[in-house]
Amino acid sequence: MDYREEETIVEFRNEVKGFISDNLPDDWGTLPQGEGYGETVFPITRSFQSAMAKRRWLTMAWPEEHGGLDAPHSQQMVMAEEMAYHRAPGGGGNMGVQWVGPSLMLYGTDAQKDEHLSRIADAESWWCTLYSEPGSGSDLASLQTRAVADGDDYVINGQKIWTSGAQVSDWGWLAARTDPDAPKHKGITMFMLRMDTPGITVRPLINMAEGHGFNEVFFEDVRVPKTNVVGETNRGWYHLAVALDFERSGIGAFAGGRRTVEEITEFAQDNKHLVDARPAVRYELAERAIEVEVGTYMAYRIAYMQEHGVVANHEASMSKLFGSELGQRIAKTGMDLLGMGGTVWSDGPYAALQGRLSRSYVSAVSSTIAAGTSEIQRNIIATRGLGLPRG
Ligand SMILES: Cc1cc2nc3c(=O)[nH]c(=O)nc-3n(C[C@H](O)[C@H](O)[C@H](O)COP(=O)(O)OP(=O)(O)OC[C@H]3O[C@@H](n4cnc5c(N)ncnc54)[C@H](O)[C@@H]3O)c2cc1C
């Protein structure tokens, strides 16, 4: 296949590149990122996304009536690809856009759509996702946070964990148990709740890359109006399963990986003594370059399927699995090249590539856990993709 982009896509790519350089500070790449929510970086993320929203780019694949552009998946993917390559905060971590909005379009009431969709599309509300609990991650349907009906409200009690961005979120997208006697998949309901509701406590969890990305969130007699239930009561698991599918098709890992492979290669060219000290790194870099190409076409295929109305399921798991494990291999290749220099953490005279590789080596560990672990992705590929029996 001779893959060539149409002229309109090439023009759009260039427009996105121009937008990124016009709307991000020159020193963006060197700012302390703090997992994206740091006090220097997060305001820039919000204003960048507001600028995107003015062009309807944040929600470009949404229907026009809900604040989108009805853009084809291929165009949305090109934007995500450029954003990831340039490490721009282009909506990848915006859960309101990624799955709250699309879920509301499918299951929300008219009042809920009126209240939330335009605010999400305009980058005015920021959302966090309250699914995982200390005892429920891969087996999410076993979640124990309780929601009990009381007059016009539900009263929520329990604990969530690993909640990314809870410390900066206006709204939470919560899965809670409404029927403890039903089989576990049949007693869950989805709620929207303001994160400043009395009874919610957010406690930071600092990860091993010294970033404050996720949190513990505690609920103590938190009252949520019944009008904030999304979809059918006790059918939340099925709504949530659809929302999880929105999460797993991204090109970001491959575009970001391509950029890092290019940087490591350039660094190796400029520091030949490091390659002489460990010649095998040339083969490793060659492997990584091939893998980035392979992954990119996996992601393109998913966009193509979606554009033709085919739901990407095990294909999306393949892309997620390959992309997250590739991120770890790329970081390791970089560290192998740098040797002792790779252990220098922060920017300084001895920190190669501003210490980025050592940081990404540590941060990449979580990518094979977040949004469904590699084992869970392999289970999906084996059963749904290859038709093998469950283990
Ligand atoms: C960076 C990051 C951000 C996150 N953000 C959020 C967020 O915003 N909101 C949220 O709700 N959650 C979030 N999470 C949590 C994430 O969804 C869970 O960590 C993930 O689903 C795994 O659950 P667990 O940590 O409980 O591990 P467990 O499910 O306890 O898994 C432990 C180990 O057992 C393996 N395992 C479990 N079940 C099976 C099986 N059936 N077959 C084979 N192996 C299995 C797993 O692969 C893993 O190796 C985030 C996690 C990370 C790392």
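Both counts, for ligands and for their atoms, begin at 1 and track the order of listing.
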**Request:** Tell me which protein heavy atom sits closest to atom 24 (P) of ligand 1, plus the residue, atom name and distance to 0.1 Å.
**Result:** G137 CA, 3.9 Å
**Prompt:** Using a heavy-atom cut-off of under 4.0 Å, does the side chain or the backbone of L140 touch ligand 1, or both, or neither?
**Reply:** neither
**Y131 N/O to ligand 1 N/O under 3.5 Å** = yes
**Asked** Between the main-chain N or O of E216 and the side-chain N or O of R203, is there a donor-acceptor pair closer than 3.5 Å?
**Response** no
**Request:** Consider only side-chain N and O atoms of W99 and T129, and report whether a donor and an acceptor are under 3.5 Å apart.
**Result:** yes
**Item:** Polar contact flag, side-chain donor to acceptor under 3.5 angstrom, T145-Q159
**Value:** no
**Check: S366 N/O within less than 3.5 Å of ligand 1 N/O** = no
**Message:** Can you confirm, on distance only, whether ligand 1 has an N/O atom lying under 3.5 Å from any N/O atom belonging to S136?
**Reply:** no
**Message:** Check this for me - ligand 1, S164, N or O atoms closer than 3.5 angstrom, yes or no?
**Reply:** yes
**Request:** Examine the proximity of ligand 1 to T373 and report which part, side chain or backbone, both or neither, has a heavy atom under 4.0 Å away.
**Result:** side chain
**Asked** Do W171 and H116 pass the ring-ring contact (aromatic ring centres under 6.0 Å, His included) test, and can you show the C-alpha distance, the side-chain angles, and the key distance before you say yes or no?
**Response** CA-CA 10 Å; W171 284 87; H116 291 288; 4.6 Å; yes
**Prompt:** For ligand 1, is any non-hydrogen atom under 4.0 Å from N207's backbone (N, CA, C, O), its side chain (CB onward), both, or neither?
**Reply:** neither
